[in-house]
Amino acid sequence: MWGGRTGALLRVWGLWPAGVRGRRPLGCNAASLAGNNSPQCWNCGGPGVPKRGDGFFCPQCRALQPPDLTRDYFSLMDCNRAFAVDTAKLQNRYQQLQRLVHPDFFSQRSQTEKDFSEKHATLVNDAYKTLLAPLSRGLYLVS
Ligand SMILES: [Zn+2]
């Protein structure tokens, strides 16, 4: 009761909003810099691609970006991090990703993008195989 009252009083006195308002621009900036460690685009130097989602391509120049090798297989394959996985959904996602990054689609592109597409395809293959089989999925979950 007293704790809640003190908080209300602080708000009434304007201590709390003033502090937040005063620091907000800097705090926001620092937070977004710290939280967003996605690399710049290797091709155009643009701000790069969000870590989440299907941002395999630079939003500005459409160049294929290097794979994020630290990315969780479940997040890559758009599955809940649980032992029960919808294998039909997993298969769809696998095909969807292969259509995005398959090396065949990069035969006319730069060597850098060819290399990245090979790495992406390998990663997607590994993720798919790991999550498809219950044994390897279980081992991956506990690892
Ligand atoms: Zn770019």
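We count ligands from 1, going down the list as the structure has it; atoms in each ligand are counted the same way.
A side-chain donor-acceptor contact under 3.5 Å links H120 to the backbone of Q65.
Within the protein, the N, O or S atoms lying under 2.8 Å from the Zn ion (ligand 1) are C41 SG, C44 SG, C58 SG, C61 SG.
Within the structure, every pair that satisfies the salt bridge (Lys or Arg N to Asp or Glu O under 4.0 Å) test and touches residues 98-112, not counting sequence neighbours, is listed here: R109-E113.
In this structure, Y140 has its ring center closer than 6.0 angstrom to the ring center of F74.
For the pair C61 and C41, the minimum side-chain heavy-atom distance is below 4.5 Å. Put simply, the side chain of Y94 reaches to within 4.5 Å of the side chain of N125, judged on heavy atoms.
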Before you tell me yes or no, could you show the steps for Q98 and Y128 under side chain to side chain contact (heavy atoms under 4.5 Å, CB included), namely the whole-Å CA-CA distance, both residues' side-chain angles and the distance that decides it to 0.1 Å?
CA-CA 11 Å; Q98 283 293 8; Y128 175 64; over 6 Å; no
